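Down below is the structure, laid out as structure tokens.
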Amino acid sequence: MARHLITSAIPYINGIKHLGNLVGSQLPADLYARYQRARGNEVLFLCATDEHGTPAELAAAKAGQPVAEFCADMHATQAKIADGFRLSFDHFGRSSSPQNHALTQHFAGRLADAGLIEEVSEKQVYSNADGRFLPDRYIEGTCPNCGYDGARGDQCENCTKQLDPTDLINPRSAISGSTDLEVRETKHLYLRQSQMRDQLNAWIDSKSDWPILTTSIAKKWLNDGDGLQDRGITRDLAWGVPVKRGAEDWPGMEGKVFYVWFDAPIEYIACAQEWRDAGKGSDWERWWRTDKGADDVRYTQFMGKDNVPFHTLSFPATILGSGEDWKLVDYIKSFNYLNYDGGQFSTSKGRGVFQDQALDILPADYWRWWLLSHVPESSDTEFTWETFQQDVNKDLADVLGNFVSRITKFCRSKFGEEVPSAGTFGPAEEALIADLDRRIAAYQSHMDAIEIRKAAGELRAIWVAGNEYLQSAAPWSTFKTDPDMAAAQVRLGLNLIRLYAVLSAPFIPDAAQTMMTAMQSDDWSWPSDAATALAALPGGHAFTVPDVMFTKITDDQHADWQTRFSGTRD
RNA sequence: GGCGGUAUAGCUCAGUUGGUUAGAGCAGAGGAAUCAUAAUCCUUGUGUCCGGGGUUCGAGUCCCUGUACCGCCA
């Protein structure tokens, strides 16, 4: 039995995410996790919330809550939404957990011992009114280049010129508006990634099977300009993991915390400890320590393309630099962006569909199916209500839902609500079985390779094969002349429903459960061959006719949602 | 400005190491059937494969160049 460690990029805590955040990491990771479990493999599927940093502090302030309380509430909210989408995390952790605090400090200590941490003094803008240092982008002022009044300390969004905060004319705090700013000297820790460039380069080079999107981004950061740059891993903030060297205090670093990009990926490991501590498992090290049983684990990460540098370089640098036997990622599946109706999803402009709204208007399976079958694997993908309506109605309601409906209702009217026993399979049935064997093999190989769109296409073709068979076998016709043959045809059709439940469950778990329940079965075993799988429900086995599985999206709903989620356009 | 990605049928996309008349789903058109959520099934593609050069016996596929969109970095 193979063992799969699977992680999804961890979503930031500052608010409810839109669909773009779902499709780029959590949903495909869930698909893969469900598939591997279905194949009988051992899976540990982890995700968490990324809770530290300035945006979280500001979001909490805006909500009028202490930041710890805000994060706890928002974590619960995101966990509820994840559950709504049927994301099957073995544990949904928090980067603010005590486990992550300790582990982050541990890694910092190991890296320091290995000579990979450097203390650097630098000048940063301090706001007396806010009582804090301000990150570059939280300083606003007049652009020295174009005169735009709302330029940020990192870049003027009017003329796109890159800036230093000290370039701004009449700088002010973006948080309070205060102009009582001063430049102060402060000391920070830098991770000397540049020292590990050759090691990282060789590691990336060894990953010839990774998606081009993943390796090209990594190589660019390794080789661009002066090569991989050292990065600051601490900040002058209150909310975060306090800087410590292992369990020891770090002289000169009092009151500082680690920067989010340092502690967030470490949460992947800490999350396994949380999982253990929550009583969901007994041994987390056999998943994460190659010297303690994780040698045979295959570790796959899922993320949007914006997260690739941290996962290909920074986090591996942390792990390799520690000198300990931590598990490195085996395969990184990265995704492009999902666009919304001619533009980008925008949190600030309220453009696009947010995850809670999506679940309010339609069941999870509708979203799961459309998003996964259109997942942006090779380039950005466009969401439009028109294609969403068309595709979901066609694939789920017409092709799959109607198949279940037509065969169960036909059987009920002619043979009653049990699988008919009479008749034997002929050439048409054998041909279907051979076709299914080929298609299931193709489906598996696409799923094994995490080629999601291809897998979705093959699954859809498997649904279509059932309709093709019924159409040519025409039991409603044979019933008049040869009821026994009709019985055999219906028996095959009913067994297809159970097989579809098994094969479809990774994509649409709720509908799969509906199908399985209707067939009054609990046999979720993955098919070894179609002939055997289609004999699972013998003659005489009782079933029920399920309610309509997928109601169609109407034109009125389409129009209503198109308007409601358009947001404010400029 | 530097780098990377993308550009294939009305729409969403496949096209493996260059090799025969460029494919799939949806939409459109025609037909069959009537068990079913008016659902299904069959038939139907005259596409300057973004433009322009080049390499090659042969390029959607490689090289150069231009254009458009997206992203990352400075």
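What you see is a predicted model, and the numbers here were worked out from it, not measured in a lab. Reminder, nothing fancy here: chain letters follow the sequence lines and each chain counts from 1.
- Applying a 4.0 Å cut-off to non-hydrogen atoms, the residues of residues 541-555 of chain A that approach RNA chain B are Val548(A), Met549(A), Phe550(A), Lys552(A), listed by residue number.
- Within the structure, every pair that satisfies the side-chain hydrogen bond (donor to acceptor under 3.5 Å, both in side chains) test and touches residues 420-432 of chain A, not counting sequence neighbours, is listed here: Glu429(A)-Tyr469(A).
- Heavy-atom distances to RNA chain B give each of Thr387(A) and Glu468(A) a nearest nucleotide, and the one nearer the 5′ end belongs to Thr387(A).
- Near RNA chain B, meaning a heavy atom under 4.0 Å from it, residues 416-443 of chain A has no residue at all.
- Of the listed nucleotides (A36(B), G15(B), C11(B)), A36(B) has the atom at the smallest distance from the side chain of Arg406(A).
- Qualifying side chain to side chain contact (heavy atoms under 4.5 Å, CB included) partners for Asp50(A), counting only residues two or more places apart in sequence or in other chains: Ile10(A), Tyr12(A), Ser95(A), Val260(A), Ala264(A).
- Contact annotation: side chain of Asn402(A) to base of A36(B), donor-acceptor pair present below 3.5 Å.
- Of the residues in residues 472-495 of chain A, those placing a heavy atom less than 4.0 Å from an atom of RNA chain B are Trp476(A), in numerical order.
- Every ring-ring contact (aromatic ring centres under 6.0 Å, His included) that Trp203(A) has, sequence neighbours left out, goes to Trp210(A).
- In this structure, CD of Glu386(A) is placed 19 Å from P of G25(B), rounded to the nearest angstrom.
- The shortest non-hydrogen separation linking Leu19(A) to Gln355(A) is N-CG, 4.4 Å.
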Just the table, please: protein N/O against nucleotides 26-30 of chain B N/O, every pair under 3.5 Å.
{"residue": "C26(B)", "atom": "OP1", "partner": "Arg460(A)", "partner atom": "NH2", "Å": "3.4"}
{"residue": "C26(B)", "atom": "O2'", "partner": "Gln390(A)", "partner atom": "OE1", "Å": "3.0"}

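- At whole-Å resolution of the value, CD1 in Ile407(A) and P in U40(B) are 16 Å apart.
- Thr478(A) places a side-chain N or O within donor-acceptor distance of the main-chain N or O of Pro475(A), the cut-off being under 3.5 Å.
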Can you give me every donor-acceptor pair (side chain of residues 508-517 of chain A, partner residue at least two apart or in another chain, under 3.5 Å) with its distance?
{"residue": "Asp510(A)", "atom": "OD1", "partner": "Arg86(A)", "partner atom": "NE", "Å": "2.9"}
{"residue": "Asp510(A)", "atom": "OD2", "partner": "Arg86(A)", "partner atom": "NE", "Å": "3.0"}
{"residue": "Asp510(A)", "atom": "OD2", "partner": "Arg86(A)", "partner atom": "NH2", "Å": "3.3"}
{"residue": "Gln513(A)", "atom": "NE2", "partner": "Thr517(A)", "partner atom": "OG1", "Å": "3.0"}
{"residue": "Thr514(A)", "atom": "OG1", "partner": "Asp510(A)", "partner atom": "O", "Å": "3.1"}
{"residue": "Thr517(A)", "atom": "OG1", "partner": "Gln513(A)", "partner atom": "O", "Å": "2.8"}

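- Phe479(A) is linked by a ring-ring contact (aromatic ring centres under 6.0 Å, His included) to Phe415(A), counting only residues two or more places apart in sequence or in another chain.
- Mapping Lys454(A) and Ala397(A) onto RNA chain B by nearest heavy atom places Lys454(A) at the nucleotide closer to the 5' end.
- For residues 498-508 of chain A, every residue pair satisfying the side-chain hydrogen bond (donor to acceptor under 3.5 Å, both in side chains) rule, not counting sequence neighbours, is listed here: Trp463(A)-Ser504(A).
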Under 3.5 Å, which donor-acceptor pairs do the side chains of residues 307-320 of chain A form with other protein atoms, sequence neighbours left out?
{"residue": "His311(A)", "atom": "ND1", "partner": "Asn307(A)", "partner atom": "O", "Å": "2.8"}
{"residue": "His311(A)", "atom": "NE2", "partner": "Tyr268(A)", "partner atom": "OH", "Å": "2.6"}
{"residue": "Thr312(A)", "atom": "OG1", "partner": "Val308(A)", "partner atom": "O", "Å": "2.8"}
{"residue": "Ser314(A)", "atom": "OG", "partner": "Gln193(A)", "partner atom": "OE1", "Å": "3.1"}
{"residue": "Thr318(A)", "atom": "OG1", "partner": "Ser314(A)", "partner atom": "O", "Å": "3.1"}

| In dot-bracket form, how is RNA chain B paired, counting a Watson-Crick or G-U wobble pair only if both its distances are under 3.5 Å and using | for bases paired to another strand? | (((((((..((((.....[...)))).(((((.......))))).....(((((..]....)))))))))))).

